[in-house]
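First comes the structure, then the notes that go with it.
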Amino acid sequence: MTDSVLTGVSVASAFAGMRSVVPVMFRAGCPDCRGRFELAASALRLAIGASSRTTFYSFTCPDCGVAVRKPAGERIVELLTGGGVRTLRLHSTL
């Protein structure tokens with residue numbers, strides 16, 4: 001394509017047909033206050049370790065402010081990573 005082909009294209013026509021992106025929301029609960037709520041991907045963190053014992057997700061409860069850490073199995077890891085949750089890979093120090 002030459003530059004002349006691209007001239008005259010408006011922003012509106014360039015993005016025509018694209019759908020708006022809806023943020024992914026995750027349901028969660030707090031073991032401390034028993035609150036139930038939805039969190040955006042940006043409110044969660046996923047840590048992937050060498051075993052199931054060291055793979056977990058965490059968030060801060062929006063109701064009581066406590067730091068919550070829960071185990072994450074394979075399916076949870078898939079859902080969280082697919083939903084845009086920031087991921088930290090933990091490495092063994094051995």
Side-chain angles (χ1 to χ4, degrees):
M1 249 185 222
T2 65
D3 288 345
S4 61
V5 174
L6 296 176
T7 58
V9 176
S10 71
V11 172
S13 64
F15 290 98
M18 291 184 73
R19 291 178 275 187
S20 62
V21 178
V22 177
V24 176
M25 298 299 284
F26 295 94
R27 290 186 188 155
C30 177
D32 253 31
C33 72
R34 303 281 184 221
R36 311 276 313 152
F37 38 81
E38 289 189 345
L39 296 170
S42 60
L44 295 154
R45 297 292 175 267
L46 174 63
I48 300 176
S51 71
S52 60
R53 293 179 139 217
T54 57
T55 300
F56 60 90
Y57 65 100
S58 61
F59 58 90
T60 300
C61 175
D63 293 343
C64 71
V66 73
V68 178
R69 178 176 160 166
K70 294 188 174 187
E74 286 182 39
R75 182 70 181 138
I76 298 293
V77 169
E78 280 181 34
L79 291 171
L80 295 177
T81 55
V85 172
R86 287 200 296 192
T87 303
L88 173 66
R89 295 211 177 260
L90 305 176
H91 297 283
S92 173
T93 57
L94 298 176

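Small disclaimer: the values here were computed from a predicted structure and weren't measured.
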hydrophobic_cluster_shared for V24 and L79, side chain cutoff 4.5 Å |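 No: no chain of side-chain contacts under 4.5 Å links L79 to V24.
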Name all residues meeting the salt bridge (charged side-chain N to carboxylate O under 4.0 Å, His left out) criterion together with R27; count only those two or more places apart in sequence or in a different chain, and write none if there are none.
-> E38
Please collect all ring-ring contact (aromatic ring centres under 6.0 Å, His included) contacts where either partner lies in residues 23-53, sequence neighbours excluded, each pair once.
->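 Applying ring-ring contact (aromatic ring centres under 6.0 Å, His included) to every pair that reaches into residues 23-53, excluding sequence neighbours, yields F37-F59.
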For the pair [X] (side chain) and [Y] (backbone), establish whether a donor and an acceptor sit closer than 3.5 Å, ignoring hydrogens and angles.
| X | Y | result |
| --- | --- | --- |
| T60 | G65 | no |
| T55 | S52 | no |
| T87 | V85 | yes |

Taking atom [atom1] of [X] and atom [atom2] of [Y], what is their separation to the nearest 0.5 Å?
| X | Y | atom1 | atom2 | answer |
| --- | --- | --- | --- | --- |
| C64 | R34 | SG | CZ | 11.0 Å |
| L88 | L46 | CG | CG | 8.5 Å |
| Y57 | T81 | OH | OG1 | 14.0 Å |

Quick one: do V66 and C30 satisfy side-chain contact (heavy atoms from CB on, under 4.5 Å)? Show the steps, please.
-> CA-CA 8 Å; V66 73; C30 177; 3.5 Å; yes
Considering only distance and modelled atom types, tabulate donor-acceptor pairs under 3.5 Å from the side chains of residues 68-77, sequence neighbours left out.
residue : atom : partner : partner atom : Å
K70     : NZ   : G29     : O            : 2.9
R75     : NH1  : E78     : OE1          : 3.3

